[in-house]
Amino acid sequence: MNRNQGLEKGDSLWTGCRLFMAEGDRGIVEDGAIAVKDGSIWWAGPASDLPKERVAPGGKVFRVGGKMVTPGLIDCHTHLIWAGSRAREFEMRLRGASYEEIARAGGGILNTVEAVRLATEDELYRQSARRVQSLLEEGVTTVEIKSGYGLATGAELKMLRVAKRLGNDFPVTVIPTFLGAHALPPEYTGRPDAYIDLVVEEMLPAVAAEGLAAAVDAFCERIAFSPAQVERVFSAARDLGFRVKLHAEQLSDQKGALMAARFDALSADHLEYLLRDGAEAMAEKDTVAVLLPGAFYFLREMKKPPVHLLRELGVPMALSTDCNPGSSPCTSPLLVMNMACVLFGLTPREALLGMTVHGARALGIQDRVGRLAAGKAADFVVWDVEEPVDLVYPMGGNPCSMVVRGGRVVVDRRNGVRSGRLQ
Ligand code: DI6
Ligand code: FE
């Protein structure tokens, strides 16, 4: 990109935008413009400051008419590739069984593992593609997708290949994460350390060799793996050059976040049972707290993540759907933002920052996406609302007007956006 050249034919200018900016007190630029060049943001800010002498005629102009424009949403924690359904377990939980009880009885994650192992790559792709499409229609332009329902080398690689295909076929950036240490597969019952051997010695090298993951995650919990077992996975991951992240303190305090911070984790996720020691370690290492109110809601949790503490310590809070069949069958980032405000006490602005700039940090891609600023990818969403609170307030409905990804309009439900040529 030659930034000196200015805007030419083939580039586009977006005017009349209420820009949601990551910095500043209220953070809205009321009469804003975005200039897009070669798929990236060339300029963004108050229209009055636009360098007009560098805007050549002939380019495309979109007049947004005062709608709010945010960065493309970043869903930084999903398990959206799965087969089968866990509706029966949902019914069991409605009758009083707990998520942990179902898992200990061999259901839960292992139920989905069975279905994923049986599914062909094409079947998995078809089921999962629908979920990607739903996210996209609500403004998601970057989605992280975890493996973790294969729990055998071939099946884990199958999931990660599906993730890659989804990224190639949809106008969404897919960031794949290897989650081999998600649950203990049935053939390793009573032998968790032997399964960790398999993850470390066979799966991780295979994932690295095929370049199929950007980071490595694990589930540190009573019903999953101990901190010592996760440490073995993290050490091996680090030796192969992976950044790590962790499902930590979801159902109990395992000191997982503390351990993750020692490995310079990108993020620690869930965190309902996080205590001050873990939060301080995260603050020190710049580890992002990923909050997942969909899982909190769906599992009827009572204990909330320590939002006040995270704020006090300056730990960035990201927000994500956790889209998965067992604890958060949710493809609505907007509903998740609503839940984060109602259930966890985030402000609407914090919720939006959690799905944009902090979501990008949780994936280590904040230099490329998450903000409306020069040099970032031209990934943004035009919403038929004026303020963050208007976006977060309804429980349902979709005020998305347009989704732009890499400068291209990829969702167009155009309500009142007019386009033409620059004069
Ligand atoms: N925590 C969760 O909430 C998801 N995975 C995890 O480690 C749930 C996955 C599932 O129940 O299928
Ligand atoms: Fe999860």
Side-chain angles (χ1 to χ4, degrees), residues 75-90 92-93 97-117 124 127-128 131 143-151 155 159 163 175-185 215-227 229-230 233 244-252 254 256-257 260 265-274 288-301 303 305 318-331 336 339 359 362-363:
D75 199 0
C76 68
H77 176 141
T78 86
H79 312 246
L80 70 73
I81 296 175
W82 77 77
S85 160
R86 302 259 287 281
R88 292 294 155 268
E89 288 182 2
F90 176 56
M92 285 164 70
R93 287 200 302 105
S98 77
Y99 182 74
E100 279 197 69
E101 281 162 7
I102 291 169
R104 286 186 199 287
I109 294 173
L110 295 185
N111 190 335
T112 302
V113 169
E114 204 182 328
V116 165
R117 286 179 174 182
L124 262 188
Q127 281 215 19
S128 310
R131 299 188 266 269
V143 62
E144 184 256 17
I145 304 180
K146 301 175 195 296
S147 68
Y149 291 124
L151 309 185
M159 288 189 72
I175 307 289
T177 300
F178 170 63
L179 175 57
H182 191 196
L184 190 63
V216 171
D217 192 352
F219 188 17
C220 186
E221 192 51 70
R222 292 183 299 231
I223 53 169
F225 298 99
S226 70
Q229 289 161 342
V230 173
V233 175
V244 298
K245 44 181 53 233
L246 187 65
H247 281 71
E249 275 69 90
Q250 180 183 8
L251 307 169
S252 62
Q254 299 282 316
L266 285 165
S267 69
D269 305 35
H270 287 286
L271 301 175
E272 278 80 350
Y273 287 79
L274 180 71
V288 176
V290 177
L291 305 182
L292 304 164
F296 173 91
Y297 160 81
F298 200 69
L299 297 184
R300 290 184 176 146
E301 291 289 338
K303 190 155 170 45
L319 208 55
S320 174
T321 60
D322 195 13
C323 177
N324 79 74
S327 69
S328 189
C330 173
T331 51
V336 165
M339 287 179 177
L363 297 175

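Each ligand, and each atom within it, is numbered from 1 in the order the structure gives.
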Give a yes or no on this: more than 12 heavy atoms of other residues, nucleotides or ligands lie within 6.0 Å of atom CD of Glu114. no
Would you say that more than 12 heavy atoms from the other residues, nucleotides or ligands in this model lie under 6.0 Å from the CZ of Arg88, or not? no
Hey, which atoms in ligand 1 end up nearer than 4.0 Å to a heavy atom of [X]?
X	value
His182	5 (N), 6 (C), 7 (O), 9 (C)
His79	4 (C), 5 (N)
Ile109	9 (C), 10 (C), 11 (O), 12 (O)
Asn324	4 (C), 8 (C), 9 (C), 10 (C), 11 (O), 12 (O)
Tyr149	9 (C), 10 (C), 12 (O)
His270	1 (N), 2 (C), 3 (O)

Quick check on the Fe ion (ligand 2): does His270 put an N/O/S atom closer than 2.8 Å to it? no
Is Asp322 close enough that one of its N/O/S atoms sits under 2.8 Å from the Fe ion (ligand 2)? yes
Testing Thr321, Asp322, Asp217 one by one against His79 for a side chain to side chain donor-acceptor pair (under 3.5 Å), which residue passes? Asp322
Among all protein non-hydrogen atoms, which one is nearest to atom 3 (O) of ligand 1, and what is the separation to 0.1 Å? Ser327 OG, 2.7 Å
Check this for me: does any side-chain nitrogen of one of Arg86 and Glu89 sit under 4.0 Å from a carboxylate oxygen of the other? yes
Donor-acceptor contact present, side-chain Thr78 to main-chain Glu144, <3.5 Å: yes
As a test of reading the structure, name the N/O/S atom of His77 that is nearest the Fe ion (ligand 2). NE2
For the Fe ion (ligand 2), what is the closest N, O or S atom on His79? NE2
Tell me the contacting part of Gln250 for ligand 1: side chain, backbone, both, or neither, using a 4.0 Å heavy-atom threshold, strictly below. side chain
Heavy-atom pairs closer than 4.0 Å: do any link ligand 1 to the side chain of Tyr99, the backbone, both, or neither? side chain
Does ligand 1 have any atom sitting under 4.0 Å from a heavy atom of Arg86? yes
Could you tell me if any non-hydrogen atom of Thr112 lies under 4.0 Å from any atom of ligand 1? no
Specify the closest pair of heavy atoms between Glu272 and Leu292, including all atoms of both residues, with the distance to one decimal. OE2-O, 4.4 Å
Ignoring hydrogens and angles, state whether a donor on the side chain of Lys245 or Ser267 is under 3.5 Å from an acceptor on the partner side chain. yes
Hydrogens and angles aside, do Ser252 and Glu221 bring a side-chain donor and acceptor to less than 3.5 Å of each other? yes
Qualifying residue, where the test is side-chain contact (heavy atoms from CB on, under 4.5 Å) with Ile109 and the options are Val113, Asn111, Thr112: Val113
Just checking Phe298 against Tyr99, ring centres under 6.0 Å apart? no
